[in-house]
A.B. asks: 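Pasting in a structure now, in structure tokens, and then I'll have a few things to ask.
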2 protein chains.
Amino acid sequence: MTIGEVAERMNISISTIRFYDKEGLLLGLKRNKGGIRIFDQQDMEVLQLIECLKKSGMQIKDIKQFIKWCSLGDQTLQLRKEMFDKQKANIEQKIKELEHALSLIEYKCWYYQEALKDGNEKRVKQLTPEQMPSVIQEAYQQTHHLFVDKG
Amino acid sequence: MTIGEVAERMNISISTIRFYDKEGLLLGLKRNKGGIRIFDQQDMEVLQLIECLKKSGMQIKDIKQFIKWCSLGDQTLQLRKEMFDKQKANIEQKIKELEHALSLIEYKCWYYQEALKDGNEKRVKQLTPEQMPSVIQEAYQQTHHLFVDKG
DNA sequence: ACTTGACCTAAACTTAACTTTAGGTATTAC
DNA sequence: GTAATACCTAAAGTTAAGTTTAGGTCAAGT
């Protein structure tokens, strides 16, 4: 496959793929006699791995390091394991933070929904936790130290 | 409180706080006669809200927009609600992506742990899902289309 | 009086991850 | 044969979210 086909299939831009190649993330990528990149199934899989690791918050330079380690064989197994152990902890932490943020946002969604019923924030602002739906109450109790008077 | 005290308490750098102020995120922040910023409890709460929204992936310009809407009163309630509804969907999507990435990473952690027992990847590379621990099997089945031959 | 420390501003710099531009090659379509 | 396409490189530009720098004010301590 050519770069254009890969870009369309995977929904990544052509320039991004070339950028990854330049950065050394696509080790072993073949070219034809004219210098044009030819992608096979494995190259596609590397690209998918890159996208997944990026979504996990890993930086390009670390993905590059990992890919380089892969090419160096068994003596880098320990390093690769440590990298993933660390990344696992990173993701778990991120998920926790997002869940916490979600609590706040869910409270806010409910808050504004109530405020809109009245056209103003007076009533909802004065509600005590006991007067909130239990789902919101939980969100509120996790995050109410964050709430601003202004709403 | 002064900027230095706030920075230390909240573990944000002084320059970041000044940057937020310059960007208009700290509307209504007072100064003393010498021009020095004086923070009260409400300003701290706004800062906490900013940190939380940032962690949720919201951009500074959107946080700024929200804060501006707050200052415009009840006619912006609908807009504020829509912003949070949208942000709620964003976070839920992000959590899903992270959980998917976590599956891959958990598989990788297990993979390298097994590989290290042998000093190479030969055995672990050939295992079928039935031969994996069930937790890993689930992760594998969600993500095995991503795996590269090289490990 | 003078030095120190905490504050101030404006403006330049930084970093990551791309994207855009400018100029060139090679294959296919008419 | 020439025009349109899809590819190529190197280098400059972009954006977000800060950080750093340079130069200045002000209050407190010695």
Side-chain angles (χ1 to χ4, degrees), chain A residues 1-26 28-40 43-44 46-68 83 87 90 94 97 101, chain B residues 1-26 28-40 43-44 46-68 83 87 90 94 97 101:
Chain A
M1 305 181 75
T2 65
I3 200 168
E5 291 164 329
V6 173
E8 184 165 8
R9 271 221 216 177
M10 310 216 14
N11 210 27
I12 314 178
S13 79
I14 291 180
S15 59
T16 299
I17 299 174
R18 287 205 271 248
F19 169 71
Y20 290 163
D21 187 21
K22 199 173 61 185
E23 291 294 297
L25 269 55
L26 302 174
L29 180 63
K30 299 285 187 297
R31 307 268 185 139
N32 70 12
K33 66 284 183 231
I36 286 173
R37 293 173 182 86
I38 305 299
F39 297 75
D40 61 19
D43 298 316
M44 298 272 289
V46 172
L47 275 170
Q48 296 221 45
L49 177 65
I50 292 169
E51 290 303 288
C52 186
L53 293 179
K54 257 195 343 180
K55 275 183 186 161
S56 87
M58 204 183 271
Q59 282 176 230
I60 297 278
K61 64 172 179 189
D62 294 325
I63 299 175
K64 177 182 179 173
Q65 179 64 271
F66 166 70
I67 285 172
K68 203 174 170 190
M83 161 171 273
Q87 192 57 18
N90 285 347
K94 278 198 169 201
E97 284 176 8
Chain B
M1 303 183 75
T2 66
I3 199 168
E5 291 164 328
V6 173
E8 185 166 7
R9 272 222 214 177
M10 311 218 12
N11 210 25
I12 314 178
S13 80
I14 291 181
S15 58
T16 300
I17 298 174
R18 287 207 269 248
F19 169 71
Y20 290 164
D21 187 20
K22 200 174 60 184
E23 290 294 298
L25 269 56
L26 302 174
L29 181 62
K30 299 286 188 298
R31 307 266 185 142
N32 70 11
K33 67 284 183 230
I36 287 175
R37 294 175 181 85
I38 304 298
F39 297 76
D40 61 18
D43 298 317
M44 298 272 289
V46 172
L47 276 170
Q48 295 220 46
L49 177 65
I50 292 169
E51 291 302 289
C52 186
L53 293 179
K54 258 196 343 180
K55 275 183 187 161
S56 87
M58 205 184 270
Q59 282 176 231
I60 297 278
K61 64 173 179 188
D62 294 325
I63 299 174
K64 176 181 177 173
Q65 178 63 269
F66 166 70
I67 286 171
K68 203 174 170 191
M83 161 171 275
Q87 192 57 18
N90 285 347
K94 277 198 172 203
E97 284 176 7

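Numbers restart at 1 for each chain; the letters A, B, ... are given by sequence-line order, proteins then strands. Bear in mind that the values here come from a model prediction, so they are computed numbers and not experimental data.
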A.B. asks: Rounded at 0.5 Å granularity, tell me how far CD1 in A/I67 sits from OH in A/Y20.
C.D. replies: 10.5 Å

A.B. asks: Could you give the distance from CD1 (A/I63) to CG (A/L53), rounded to the nearest 0.5 Å?
C.D. replies: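 Spacing of CD1 (A/I63) from CG (A/L53) equals 5.0 Å.
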
A.B. asks: B/N32 has an atom CG; how far is it from atom P of D/dC26, in whole Å?
C.D. replies: 11 Å

A.B. asks: In sequence, state the C-alpha distance, the side-chain angles, and the governing distance for B/R18 and B/I14, and then conclude on side chain to side chain contact (heavy atoms under 4.5 Å, CB included).
C.D. replies: CA-CA 6 Å; B/R18 287 207 269 248; B/I14 291 181; 3.6 Å; yes

A.B. asks: For A/R18, answer base if it contacts any base atom (sugar-phosphate contacts may also be present), sugar-phosphate if it contacts only those atoms, and nothing otherwise; contact means non-hydrogen atoms under 4.0 Å.
C.D. replies: base

A.B. asks: Check every atom of C/dC18, C/dA17, C/dT20 against the side chain of A/S15 and return the nucleotide holding the closest atom.
C.D. replies: C/dT20

A.B. asks: Can you name the atoms? Protein N/O to nucleotides 21-28 of chain C N/O, anything below 3.5 Å, with the distance.
C.D. replies:
none

A.B. asks: If you measure only the distance, is there a donor-acceptor pair under 3.5 Å linking the side chains of A/D62 and A/Q65?
C.D. replies: no

A.B. asks: With respect to the phosphate group of C/dA17, does any side-chain polar atom (N or O) of A/T16 fall under 4.0 Å of OP1 or OP2?
C.D. replies: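 Checking A/T16 against C/dA17: no side-chain N or O falls below 4.0 Å of OP1 or OP2.
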
A.B. asks: Is there a side-chain polar atom (N or O) of A/K54 under 4.0 Å from OP1 or OP2 of C/dC18?
C.D. replies: yes

A.B. asks: Roughly how many Å is it from CZ in A/F19 to C1' in D/dA10, rounded to a whole number?
C.D. replies: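 In whole Å, D/dA10 C1' and A/F19 CZ are 15 Å from each other.
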
A.B. asks: Backbone N or O of A/I60 within a donor-acceptor pair of the A/E23 side chain at under 3.5 Å?
C.D. replies: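 Flag not set: sc A/E23 to bb A/I60 has no pair under 3.5 Å.
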
A.B. asks: Please determine, for the side chain of A/I3, which listed nucleotide (D/dT19, D/dC8, C/dA16) has the closest atom?
C.D. replies: D/dC8

A.B. asks: Should we say atom CG of B/N32 is surrounded by more than 12 heavy atoms from elsewhere, each under 6.0 Å from it?
C.D. replies: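 Yes, the 6.0 Å shell around CG holds more than 12 heavy atoms from other groups.
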
A.B. asks: For atom NZ of B/K54, decide whether the heavy atoms of other residues, nucleotides or ligands shown that lie under 6.0 angstrom number more than 12.
C.D. replies: yes

A.B. asks: When you check the phosphate oxygens OP1 and OP2 of D/dA6, does a side-chain N or O of A/T2 lie under 4.0 Å from one of them?
C.D. replies: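 It does not, given that no N or O in the side chain of A/T2 lies less than 4.0 Å from OP1 or OP2 of D/dA6.
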
A.B. asks: So with a 6.0 Å cut-off around CD of A/E8, is the heavy-atom count from everything else above 12?
C.D. replies: no

A.B. asks: For A/E8 and D/dT5, give me the distance from atom CD to atom C1', rounded to whole Å.
C.D. replies: 15 Å

A.B. asks: Could you check how far CE of A/M58 sits from C1' of C/dA17, rounded to whole Å?
C.D. replies: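 In whole Å, C/dA17 C1' and A/M58 CE are 16 Å from each other.
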
A.B. asks: Distance check needed: D/dG18 P versus B/L25 CG, whole Å only.
C.D. replies: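 Taking atom P of D/dG18 as the reference, CG of B/L25 is at 10 Å.
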
A.B. asks: Checking all strands, does B/Q59 fall into the base, sugar-phosphate, or nothing category for heavy-atom contacts under 4.0 angstrom?
C.D. replies: sugar-phosphate

A.B. asks: Of the nucleotides C/dA16, D/dT9, D/dC7, which has the atom closest to the A/I14 side chain?
C.D. replies: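 Of the candidates, D/dC7 comes closest.
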
A.B. asks: Separation of A/I50 atom CD1 from C/dC18 atom P, in whole Å?
C.D. replies: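 Roughly 10 Å, once rounded to whole Å.
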
A.B. asks: Any side-chain N or O of B/Y20 less than 4.0 Å from the OP1 or OP2 oxygen of D/dA17?
C.D. replies: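 Indeed not, no polar side-chain atom of B/Y20 lies that close.
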
A.B. asks: Quick one: which protein N/O atoms are closer than 3.5 Å to N/O atoms of nucleotides 1-4 of chain D? Pair and distance per line, please.
C.D. replies:
none

A.B. asks: Any chance you could measure A/M1, atom CE, to A/M44, atom CE, to the nearest 0.5 Å?
C.D. replies: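 So the gap between those two atoms works out to 5.0 Å.
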
A.B. asks: In whole angstrom, what separates A/R31's CZ from D/dC8's P?
C.D. replies: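 Interatomic distance, CZ of A/R31 to P of D/dC8: 6 Å.
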
A.B. asks: Check the distance between D/dT9's C1' and A/K22's NZ and give it to me in whole angstrom.
C.D. replies: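 After rounding, the gap between these two atoms is 9 Å.
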
A.B. asks: Nearest 0.5 angstrom please: B/R37 CZ to B/D43 CG, how far?
C.D. replies: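 The CZ atom of B/R37 sits 11.0 Å away from the CG atom of B/D43.
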
